[in-house]
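These notes are about the structure you will find just below.
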Amino acid sequence: MSTDKSNDMETQHGHHDVEGPGYSTPAAMRTESEREKTAFVMAPRVGMDTDNPDFVGVVDVDPESQTYCEIIDTVEMPNKGDELHHFGWNTCSSSCHTEGLHRDHLIVPGQRSSRIHVLDAADPRDPTIERIIEPEEIFEYDLSAPHTVHCVPGGKIVISMLGNADGELPGGFLQLDQEDFSIDGRWEEDRGDVEMQYDYWYQPRHGVMVSTEWAAPKTYYPGFDLDDVENGKYGDSIHIWDWETREHQDTLTFGEEGQIPLEIRMPHNPEETEGYVGAALSSNIIRFWKASDGTWDWETVIDVEAREHPDWDMPVPGLVTDTLISLDDQYLFFSNWLHGDCRMYDISDTGNPRLADRIWAGGNFGDRQEIQGTDIRGAPQMLQLSRDGRRLYWTTSLFSSWDNQFYPDIGEQGSLMMKADVYPEEGRLELDEDFLVDFGTAPGGPARAHEIRWPGGDCTSDVWQ
Amino acid sequence: MPTYEVILQWRDGAEQIIEADADETIIDATERAGLGLPYGCLYGACGTCTGRLLDGNLVHIERARALKPHHSKEGYVLLCVAKPRSDCRIEVGAEIQADLVPNPWK
């Protein structure tokens with residue numbers, strides 16, 4: 001069903017009486033969907049000398065196609081300087097019992113501009129811009145720097161916002177209406193003492209949302225300064241929210257073990273009350289869970305050791321910048337953007353992840369520094385897994401100003417999209433040397449490549465009630 | 001409003017001369033001239049538009065939040081919120097932003 005066809009086809013919905021968007025269970029999405037044929041990829045050009053705006057690219061990922069591995073469509077934004085980064089759907093499997101909703105619009109925020117674009121993506125090969133929410137409309141709610149987009153039950157879209165209207169703290173959450181994409185206002189009723197924002201995940205069956213922390217936009221926008229870490233300007237905590245009352249309930253503070261907790265994932269099984277967060281700077285994977293007495297607890301379950309490098313004065317942290325969980329909740333993948341590896345852990349024993357395999361490609365330690373004769377600029381960063389769990393794709397840019405610090409070539413030549421084949425039965429990963437999309441040769445000039453999504457949904461977009 | 005001559009200087013040696021009104025930002029003036037300097041937030045928080053003032057006077061019309069005090073001392077300016085107060089010479093281009101924060105571990 002949902003992959004490359006127009007999304008009004010996405011209505012065959014198994015055993016439910018009501019036909020809504022998405023799939024009734026994570027297993028249905030994993031087994032009943034077709035292979036991905038195209039990908040939407042965020043392609044920022046912000047901070048490059050190429051005088052062109054960012055674009056949303058459509059990449060052909062169908063090996064049977066004549067245009068396999070090519071950027072077959074680009075939707076350029078009407079303004080420069082947005083820094084397209086993360087994006088999401090108007091609706092997903094969390095609304096799978098809601099008749100009349102279709103997964104046919106992408107919400108595409110500009111991280112730097114605070115502009116939010118709504119794309120009609122019903123045709124996965126020809127998305128078009130339908131509506132734009134200008135920065136001034138967002139600043140009116142004393143918010144800026146939109147990041148994570150989730151559609152939520154009840155016909156709404158909730159976006160984490162990292163700053164206030166001045167690019168300082170506190171941030172919050174912006175709620176949009178799914179019907180006309182107008183701003184409802186702030187999502188949260190009571191943010192307690194929460195100042196920083198970044199990513200969030202929610203588990204509606206248990207009435208919980210968990211949010212993470214990067215820093216104030218004015219802190220992370222210009223680049224990564226260790227003095228800011230020493231001065232407490234970067235996050236080290238995650239926050240538990242009551243999903244129904246929209247009130248902050250609890251904070252888990254990790255300290256040194258969990259500096260800069262970015263991407264957060266909970267299992268797709270809606271029964272689960274635990275999850276994982278990647279602490280980028282500490283380079284740890286931290287597991288959090290709800291204890292039997294109702295309180296939340298945490299522990300570090302994976303610790304990536306910093307490594308000595310002959311050209312660096314200090315040991316190089318892995319920098320865990322993205323994580324994801326397969327739809328069957330069996331494997332956790334994460335990237336070490338400074339080291340240059342992408343790891344696959346078996347998490348069937350959730351508190352004791354087992355390293356199944358890893359791939360090295362680019363980075364500061366990868367044995368492999370080129371593919372198809374092209375230098376690997378950057379290292380594995382944003383990940384996306386096929387719904388069937390058999391193909392892992394990634395892009396190699398992190399954030400324009402941080403790219404400039406650690407992989408400056410990206411700022412001149414753009415970044416890459418790469419792929420590995422995954423063998424879940426064997427717990428194995430293998431780089432696909434035949435796959436390469438070089439955003440350095442994008443139509444209109446080089447671009448960075450960031451988040452990847454499949455038409456029809458994926459393991460980082462969909463939540464189940 | 002007075003108009004000033006602004007010389008833009010790239011690190012590869014290229015130069016452009018534009019006119020900028022005292023009541024427009026340097027980015028507004030470069031956009032009007034079709035020069036395509038990098039920018040991001042347009043309110044002084046992100047630093048994408050960072051340039052380095054080599055000569056002349058500019059005034060920040062909003063707090064230059066992306067700059068630390070030492071950046072300002074070294075002449076770095078945010079062109080999205082900077083208006084000219086005299087003829088100026090400014091070092092520009094995507095590379096200038098990268099001066100602000102070097103790799104902290106290398």
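Quick note on labels: first sequence line is chain A, next is B, and so on, each numbered from 1. Note: hydrogens, waters and symmetry copies are ignored here, and every other heavy atom, side chains too, is used.
Contacts between A/E168 and chain B at a heavy-atom distance below 4.5 Å involve the side chain alone, from C-beta outward. Neither the backbone nor the side chain of A/Y407 comes within contact range of chain B; no heavy atoms are under 4.5 Å apart. Of the atoms belonging to A/D54, not a single heavy atom falls under 4.5 Å from chain B. Contacts of A/Y220 with chain B are absent, with no heavy-atom separation under 4.5 Å from either backbone or side chain. In this structure, no portion of A/P408 lies under 4.5 Å from any heavy atom of chain B. In this structure, the portion of B/L37 lying under 4.5 Å from any heavy atom of chain A is its backbone and not its side chain. Using a 4.5 Å cut-off between heavy atoms, A/A306 does not touch chain B at all. If you measure heavy-atom distances from B/E62 to chain A, you find no contacts under 4.5 Å at all. Residue contact with chain A, scored on non-hydrogen atoms closer than 4.5 Å, involves the backbone and the side chain of B/Y39 alike.
Nearest heavy-atom pair across A/V46 and B/T48 is CG2-CG2, 3.9 Å. Between A/Q405 and B/P104, the closest heavy-atom pair is NE2-CD, 4.0 Å. A/P222 and B/Q97 get closest at one heavy-atom pair: O-NE2, 2.6 Å. Pairing each heavy atom of A/G47 with each of B/A94, the nearest pair is O-CB, 3.2 Å. For the residue pair A/D313 and B/K106, the shortest heavy atom distance occurs at OD2-C, 3.2 Å. Nearest heavy atom pair, residue A/N404 against residue B/A98, reads CB-CB, 3.9 Å.
B/R65 and A/D166 are joined by a salt bridge, as a carboxylate oxygen and a charged side-chain nitrogen come within less than 4.0 angstrom of each other.
In this structure, A/W312 and B/W105 have parallel ring planes: the angle between them is below the 30° cut-off, well short of the 60° mark.
Options B/G47, B/A66, B/G34, B/C49 differ in how many heavy-atom pairs under 4.5 Å they form with chain A, and the most are formed by B/A66.
A 4.5 Å side-chain heavy-atom check between A/P135 and B/Y43 finds every atom pair outside the cut-off.
Counted within 6.0 Å of NZ on B/K68, heavy atoms from surrounding residues, nucleotides or ligands total more than 12; the atom is thus considered enclosed.
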Derivation and outcome, salt bridge (charged side-chain N to carboxylate O under 4.0 Å, His left out), residues B/R11 and A/D49: CA-CA 12 Å; B/R11 284 198 174 151; A/D49 279 319; over 6 Å; no

